[in-house]
There are 2 protein chains.
Amino acid sequence: MENLRKHIEEITPISDDEFEYVRTFFTKKRVRKHQFLIQAGDRVACEYWIANGVFRAFYVDDGGREHILQFALENSWLSDYHAFFYQTGANMNVVCMEEAEVFCLTLLAREKLASDLHKMEHFFRMKVTSGYTAQQHRIISLLSRNPRERYEEFGSLFPDIVKRIPKKYIAEYLGISRETLSRIHPAHRRRSLN
Amino acid sequence: MENLRKHIEEITPISDDEFEYVRTFFTKKRVRKHQFLIQAGDRVACEYWIANGVFRAFYVDDGGREHILQFALENSWLSDYHAFFYQTGANMNVVCMEEAEVFCLTLLAREKLASDLHKMEHFFRMKVTSGYTAQQHRIISLLSRNPRERYEEFGSLFPDIVKRIPKKYIAEYLGISRETLSRIHPAHRRRSLN
DNA sequence: GGCGCGGTGTGATTTTTGTCACAAATTAAT
DNA sequence: ATTAATTTGTGACAAAAATCACACCGCGCC
């Protein structure tokens, strides 16, 4: 839980008392590999802060294909946010890929936290703002880059994810087939780079 | 300016005094068709609230192709948000497509407004949150739907935009060529739908 | 320590979409 | 109103990526 405090303090300083108050809103949960945190159709009670472990959030289309919206590692937040904020049934699935420990925050808890502590409202605004700009970047990438370029960009943005996650899932994230990804070979090192 | 108040009050009620205070942070600007509000490379001083008029925000890739990130009509917010929040040079261009009147808000003004008035922090959080979920939806659409499906979805989500904006720009938004879009013909009305 | 399953690489082929070229239609500008 | 500019449609063709099929690898699990 200390890490959650550090995580919050990357955005805003927070006193011991305040943090003691904040922590009361969270509940801890252990999750094993292959376990679903959210299944399509579920009511989405919580958003999750990942203390450790790995998850993927994916959408299953009408043809049964999976499309990954997000990988989540330690220190990141995760939910089906549309379903969470609007309290509708989930369209996403969230599955554990490496044994994990997460902290759960209900919508009510989150909104009370934000309205009680201006600091926390600010914190959540900053978090969603950076998520927003990151998603804009991803949209631009999907619109303007070919599979090789997207894969290379992904590798340089998220080297830790590339190491920990099977390539087939990265293909699902990039919107290309696993075969196409498999045929992307590292660019030849040019002589001039000796 | 009355509309801005209505717009804010869709999220949170606000007193006369508060709104008087809020309005002092904005400056008004008229923009003519074809005029750039933001050009790639610029420092992005403001975000803009559109009182009336139409804009598009687009990215130009290395091959000179344009990719549209956002259309903005009346009552919406617009900027190159990455460049705005992180105060880096713009990667986007924002161009006026129909004569417009906008209200400008600098980053300093925005952050002061948010820290002075918890209400406004809440307002901005809610706005960016709904933008975030809308963008997630768009990413899923880019990953999982073919051009026809994306175009039909776009038409049902944004009928007003389809009416007001040339199709070539919609193609640039959907990530397909204008020719492909032009070859998408309305689905045949099935007999059973008489 | 063998067995099974999930993951990966690769060839052959098909499908989808982009590109190029040009004409027609629509809209804007003087 | 006429002229210019922008937008749209469509055919022929090329390019990119998906799909299908199959072999093989590697690791976890009894």
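Naming: A, B, ... by sequence-line order, numbering from 1 per chain.
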Is the distance from OP1 or OP2 of [N] to the nearest side-chain N or O of [X] less than 4.0 Å?
{"X": "B:Ser177", "N": "C:dT17", "value": "no"}
{"X": "B:His185", "N": "D:dT10", "value": "yes"}
{"X": "B:Arg183", "N": "C:dT19", "value": "no"}
{"X": "A:Ser182", "N": "C:dG9", "value": "yes"}
{"X": "A:Tyr169", "N": "C:dG7", "value": "yes"}

Between [N] ([atom2]) and [X] ([atom1]): distance, integer Å:
{"X": "A:Lys33", "N": "D:dC29", "atom1": "NZ", "atom2": "C1'", "value": "12 Å"}
{"X": "A:Met97", "N": "D:dC27", "atom1": "CE", "atom2": "C1'", "value": "16 Å"}
{"X": "B:Ile165", "N": "D:dT6", "atom1": "CD1", "atom2": "P", "value": "17 Å"}
{"X": "A:Glu179", "N": "D:dA17", "atom1": "CD", "atom2": "P", "value": "14 Å"}
{"X": "A:Glu172", "N": "D:dA18", "atom1": "CD", "atom2": "C1'", "value": "14 Å"}
{"X": "B:Ile184", "N": "C:dT16", "atom1": "CD1", "atom2": "P", "value": "13 Å"}
{"X": "A:Glu149", "N": "D:dA16", "atom1": "CD", "atom2": "P", "value": "12 Å"}
{"X": "B:Ile170", "N": "D:dT8", "atom1": "CD1", "atom2": "C1'", "value": "13 Å"}

If we count only N and O atoms by modelled type, under 3.5 Å, do the side chains of [X] and [Y] hold a donor and an acceptor together?
{"X": "B:Glu121", "Y": "A:His118", "answer": "yes"}
{"X": "A:Arg56", "Y": "A:Gln70", "answer": "no"}
{"X": "B:Thr133", "Y": "B:Ser130", "answer": "no"}

When you measure from the side chain of [X], which nucleotide among [options] comes out closest?
{"X": "A:Arg65", "options": "C:dG7, D:dT19, D:dT7", "value": "D:dT19"}
{"X": "A:Arg178", "options": "C:dT17, D:dA21, D:dA18", "value": "D:dA21"}
{"X": "A:Ile176", "options": "D:dA18, D:dT19, D:dT8", "value": "D:dA18"}

Position toward the 5' end of DNA chain C (nearest nucleotide), B:His34 or B:Gly175: B:Gly175
Answer yes if the ring centres of B:His7 and B:Phe123 are under 6.0 angstrom apart, and no otherwise. yes
State yes or no: are the ring centers of A:Phe71 and A:Phe55 separated by less than 6.0 Å?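 Ring centroids of A:Phe71 and A:Phe55 are no less than 6.0 Å from each other.
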Want to settle it: does B:Lys168 or A:Asn146 sit nearer the 5' end of DNA chain D, counting the closest nucleotide to each? B:Lys168
Over all strands shown, is B:Leu181 touching base, sugar-phosphate only, or nothing at heavy-atom distances under 4.0 angstrom?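 The answer is nothing, as B:Leu181 stays clear of every strand by at least 4.0 Å.
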